[in-house]
Amino acid sequence: MSLKRTEIAKILANPTIGETVLVKGWVRAFRSNRFIALNDGSNFGTIQVVVDFENFDEDIIKKIGFHAAIAVTGELVESQGKGQSLEIIAKEIEILGECNLDDYPLQPKAQTMEFLRSNLHFRMRTQTMSAVFRIRHGVAFAVHQFFNDNGFNYIHTPIITGNDAEGAGEIFHVSTFGANEAPLTEDGKVDWSKDFFGTKTNLTVSGQLQGEIAAMALGKIYTFGPTFRAENSNTSRHLSEFWMIEPEMAFADINDDQNLAEDFCKYLIQYILDNYQPELQFLDQRIAKLEKNMKAELRRPMGLIDTLNFVVENDFERITYTEAIRLLQGSKPYKKKRFEFPVEWGEDLAAEHERWLVEKKFKKPVIVIDYPKQIKAFYMKMNDDDKTVAGMDVLFPGIGEVIGGSERETRMDVLKARMAEYDIPEEELEWYLDLRRFGSTPHSGFGLGFGRMVQFITGMGNIRDVIPFPRTPGNAEF
RNA sequence: GCUCCUUUAGCUCAGCUGGUUAGAGCGCCGGACUGUUAAUCCGUAGGUCCUAGGUUCAAGUCCUAGAAGGAGCGCCA
């Protein structure tokens with residue numbers, strides 16, 4: 001009977017010293033014509049294969065190169081060298097897939113993220129990307145675990161929707177009409193009633209409003225899916241297609257919302273600390289190397305793992321918008337006129353202001369609540385002062401806003417007035433108003449940018465490097 | 001959308017106030033090496049200097065336009 005392949009992770013977890021094993025994987029390094037570092041994706045690291053090259057065909061030895069796919073049959077033994085406890089003494093080696101290094105773009109050394117972005121189909125093979133995407137999976141898993149353990153139901157809200165009234169950004173239209181082929185109405189406008197769905201449709205910008213429908217029946221729900229914004233945003237924190245997590249809770253006010261947001265963030269980070277130490281250590285060292293030659297003020301105040309531990313172990317700072325403005329007006333950069341944008345009650349906080357609050361003043365995540373009504377969405381609950389709404393932003397060091405959420409407005413007259421202020425026709429959101437007409441109750445929720453959370457946990461500088469196939473203005477490769 | 005920066009070998013970069021055969025490190029390839037850990041040592045090859053115009057006796061270097069990439073800002077998650 002021929003030997004069955006064993007995954008490297010299983011060998012390392014439960015070694016059977018002295019037994020003959022078959023492993024298959026990709027070569028990460030081949031040193032001294034003798035030592036192969038082999039990775040098969042089952043774990044982050046490698047297993048060492050020792051080759052007595054005198055006993056092998058020269059043709060085979062030559063093909064054992066960087067990122068070649070090979071199969072090795074050999075004896076599992078305790079390693080004679082330092083740096084690993086186990087190794088496999090190769091008896092047979094089969095080349096499964098050669099990797100011609102004359103033409104292969106990747107090299108066995110550190111490469112820039114910009115270069116790797118131009119080779120998206122190869123970049124996951126690098127150690128950095130391997131660490132990032134393993135952690136990305138871990139965070140996604142932890143999202144479901146957290147909500148499941150806390151009694152939330154996962155709701156699939158639509159990706160294509162006729163909902164055009166959310167005001168969360170520019171939309172991508174969805175149509176089966178070809179360019180210049182759209183049928184027109186008598187007055188010369190495109191006749192959307194003849195389109196596939198019989199109405200004008202677009203890709204979703206948020207699942208929140210549909211999430212509220214579900215929360216009014218199931219109590220606690222969450223969505224976790226792709227969202228699309230056609231904004232011409234060119235930053236390291238924005239994607240045109242990104243994944244968002246949106247919990248919604250019935251019978252919950254803005255305080256419950258803040259508690260959920262804080263517990264949730266801490267849970268995700270703790271889960272990765274508990275389950276992805278090798279990956280985190282690699283990313284931590286990677287950042288340390290990158291920052292080695294940087295000026296002290298440009299470096300991170302703490303290492304990656306220390307930062308994650310710090311966030312988990314400390315309470316988030318919670319302040320009102322009004323308080324934030326007061327603090328900012330008393331700040332050194334304000335007095336020295338270093339801020340580019342005005343700090344005035346009624347003006348939205350700019351990135352420089354958020355950064356000062358998070359990185360200079362409190363040095364930890366900050367939740368800001370009770371924003372002026374004019375800078376927040378129509379569905380947020382109006383506070384008793386008639387000036388502010390029960391909205392919140394959760395601000396993280398380095399990446400700014402990770403969460404935006406609110407208690408929702410449930411009073412029919414107030415909601416209608418707010419919609420009028422935003423020129424949202426009532427007939428478009430009759431169903432949303434119905435939720436307030438029939439069995440309405442206070443409820444709250446938020447949206448967490450999944451990529452931003454992964455960015456924070458991995459310490460990656462650009463959100464394009466934490467999603468396999470980034471979609472940004474002018475780029476939709478693969 | 002706005003501002004700034006970058007584009008020279010496979011990769012990362014150097015190339016001064018324009019001057020004649022365009023450099024380095026790493027990688028690749030060839031060789032050496034029986035315990036390596038980003039292995040090490042020796043050697044070879046490798047370049048439309050992003051594109052198109054222009055200025056000049058002479059342009060990688062200066063000017064104009066365009067393209068691609070990056071950083072920051074705005075919008076947000």
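On a predicted model such as this, the values are computed, not experimentally measured, just so you know. Numbered from 1 within each chain, the chains take letters A, B, ... in sequence-line order.
- When all heavy atoms of A:Met380 and A:Gly391 are compared, the pair lying nearest together is SD-CA, 3.7 Å.
- Checked against A:Val343 for a side chain to side chain contact (heavy atoms under 4.5 Å, CB included), the options A:Leu349, A:Leu327, A:Ile325 give a single hit: A:Ile325.
- Rounded to whole Å, the distance from CE on A:Met113 to C1' on B:G69 is 15 Å.
- B:G18 sits 16 Å from B:U56 when the P atoms are compared, rounded to a whole Å.
- Screening A:Phe264, A:Tyr271, A:Phe152, A:Tyr222 for a ring pair (Phe, Tyr, Trp, His ring centres under 6.0 Å) with A:His144, the sole residue that qualifies is A:Tyr222.
- Rounded to an integer number of Å, the gap from A:Glu87 CD to B:G35 C1' is 8 Å.
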Between protein and nucleotides 3-6 of chain B, what N or O pairs are separated by less than 3.5 Å?
none

Evaluation steps, side-chain contact (heavy atoms from CB on, under 4.5 Å), between A:Gln111 and A:Leu106: CA-CA 8 Å; A:Gln111 311 208 74; A:Leu106 297 195; 3.6 Å; yes
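- Under the ring pair (Phe, Tyr, Trp, His ring centres under 6.0 Å) criterion, the residue pairs touching residues 277-300 of chain A are A:Phe44-A:Phe282, with sequence neighbours excluded.
- At whole-Å resolution of the value, CZ in A:Phe35 and P in B:C33 are 15 Å apart.
- Nucleotides B:G47 and B:U40 are separated by 29 Å at their C1' atoms, to the nearest Å.
- Atom P of B:G60 sits at a distance of 15 Å from the matching atom of B:G53, rounded to the whole Å.
- A:Phe115 comes within contact range of the sugar-phosphate backbone alone, with a heavy-atom separation under 4.0 Å but no base atom that close.
- Listed by residue number, the members of residues 42-67 of chain A with any heavy atom below 4.0 angstrom from RNA chain B are A:Gln48, A:Glu54.
- Nucleotides B:U6 and B:U61 have their C1' atoms positioned 16 Å apart, rounded to a whole Å.
- Applying the salt bridge (Lys or Arg N to Asp or Glu O under 4.0 Å) test to residues at least two apart or on different chains, the pairs with a partner in residues 387-397 of chain A are A:Lys376-A:Asp393.
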For nucleotides 71-75 of chain B, print each protein N/O atom paired with a nucleotide N/O atom at under 3.5 Å, atom names and distance only.
{"residue": "B:A71", "atom": "OP1", "partner": "A:Asn462", "partner atom": "ND2", "Å": "3.1"}
{"residue": "B:A71", "atom": "OP2", "partner": "A:Asn462", "partner atom": "ND2", "Å": "3.3"}
{"residue": "B:G72", "atom": "OP2", "partner": "A:Ser236", "partner atom": "OG", "Å": "3.2"}
{"residue": "B:C73", "atom": "N4", "partner": "A:Asn234", "partner atom": "O", "Å": "2.8"}
{"residue": "B:G74", "atom": "OP1", "partner": "A:Ala351", "partner atom": "N", "Å": "2.9"}
{"residue": "B:G74", "atom": "O6", "partner": "A:Asn234", "partner atom": "N", "Å": "3.3"}
{"residue": "B:G74", "atom": "N2", "partner": "A:Asn232", "partner atom": "O", "Å": "3.3"}
{"residue": "B:C75", "atom": "O2", "partner": "A:Ser233", "partner atom": "OG", "Å": "2.6"}
{"residue": "B:C75", "atom": "N3", "partner": "A:Ser233", "partner atom": "OG", "Å": "3.1"}
{"residue": "B:C75", "atom": "N3", "partner": "A:His238", "partner atom": "NE2", "Å": "3.3"}
{"residue": "B:C75", "atom": "N4", "partner": "A:His238", "partner atom": "ND1", "Å": "3.0"}
{"residue": "B:C75", "atom": "N4", "partner": "A:His238", "partner atom": "NE2", "Å": "2.9"}

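- The separation of B:U48 from B:U8, taken at their P atoms, amounts to 12 Å, rounded to a whole angstrom.
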Verdict with supporting geometry, A:Phe456 and A:Ile269, side-chain contact (heavy atoms from CB on, under 4.5 Å): CA-CA 9 Å; A:Phe456 179 75; A:Ile269 295 166; 4.0 Å; yes
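- RNA chain B is contacted by A:Glu401, A:Val402, A:Ile403 of residues 395-403 of chain A, taking any non-hydrogen atom closer than 4.0 Å.
- Between A:Phe224 and A:Tyr154, the ring center distance fails the sub-6.0 Å criterion.
- A side-chain donor-acceptor contact under 3.5 Å links A:Gln281 and A:Gln277.
- Using a 4.0 Å heavy-atom distance criterion, A:Gly404 is classed as a sugar-phosphate-only contact.
- The ring pair (Phe, Tyr, Trp, His ring centres under 6.0 Å) analysis of residues 88-119 of chain A, with sequence neighbours excluded, yields the pairs A:His67-A:Tyr104, A:Tyr104-A:Phe122.
- Look at CG on A:Asp257: it is 13 Å from P on B:A77, rounded to the nearest Å.
- Taking atom CD of A:Gln107 as the reference point, atom P of B:U12 lies 9 Å away to the nearest angstrom.
- In the set B:U36, B:A77, B:C11, B:U36 carries the atom at the smallest distance from any side-chain atom of A:Ser79.
- Remark: the A:Tyr334 side chain and the A:His353 side chain contain no N/O donor-acceptor pair separated by less than 3.5 Å.
- The existence of a salt bridge linking A:Arg117 and A:Asp465 is confirmed by a sub-4.0 Å separation between a basic side-chain nitrogen and an acidic carboxylate oxygen.
- Every pair passing salt bridge (Lys or Arg N to Asp or Glu O under 4.0 Å) that includes a residue from residues 97-106 of chain A is listed here, sequence neighbours excluded: A:Lys63-A:Glu98.
- B:A39 sits 15 Å from B:C26 when the C1' atoms are compared, rounded to a whole Å.
- Rounded to whole Å, the C1' atom of B:C50 lies 8 Å from the corresponding atom of B:A67.
- We find that CG of A:Asp103 is positioned 12 Å from C1' of B:C29, with the value rounded to whole Å.
- For A:Asn119, there are no side chain to side chain donor-acceptor pair (under 3.5 Å) partners two or more places apart in sequence or in a different chain.
- Checking A:Asp348, A:Val366, A:Leu395 one by one against A:Glu354, the side chain to side chain contact (heavy atoms under 4.5 Å, CB included) holds for a single residue, A:Leu395.
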Which atom pairs link the protein and nucleotides 39-42 of chain B when you take only N or O atoms and keep those under 3.5 Å?
{"residue": "B:A39", "atom": "OP2", "partner": "A:Arg31", "partner atom": "NH1", "Å": "2.8"}
{"residue": "B:A39", "atom": "N7", "partner": "A:Ser32", "partner atom": "N", "Å": "3.4"}

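- We find that the ring of A:Phe242 and the base of B:A77 stack, their centres lying under 5.5 angstrom apart and their planes tilted less than 30°.
- Contact detail for A:Gly346 and A:Tyr321: the closest heavy-atom pair is N-OH, 2.8 Å.
- Between the CG atom of A:Asn100 and the C1' atom of B:G10 there is a distance of 12 Å, given to the nearest Å.
- No salt bridge links A:Glu317 with A:Lys361; every basic N to acidic carboxylate O contact stays at or beyond 4.0 Å.
- Counting only Watson-Crick and G-U wobble pairs whose two key distances fall under 3.5 Å, RNA chain B forms stems of three or more stacked pairs at B:1-7 with B:67-73, B:10-13 with B:23-26, B:29-32 with B:40-43, B:50-54 with B:62-66.
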Show the distances under 3.5 angstrom between N or O atoms of the protein and N or O atoms of nucleotides 45-50 of chain B.
none

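- The separation between A:Gln455 atom CD and B:C76 atom P is 18 Å, rounded to whole Å.
- The minimum heavy-atom distance between A:Ala324 and A:Ile319, with the atom names listed, is CB-CD1, 3.7 Å.
- With P as the reference atom, B:A65 and B:G30 are 49 Å apart, rounded to whole Å.
- Remark: of the listed residues A:Glu212, A:Gln208, A:Arg418, A:Gln208 is the sole one forming a side-chain hydrogen bond (donor to acceptor under 3.5 Å, both in side chains) with A:Tyr379.
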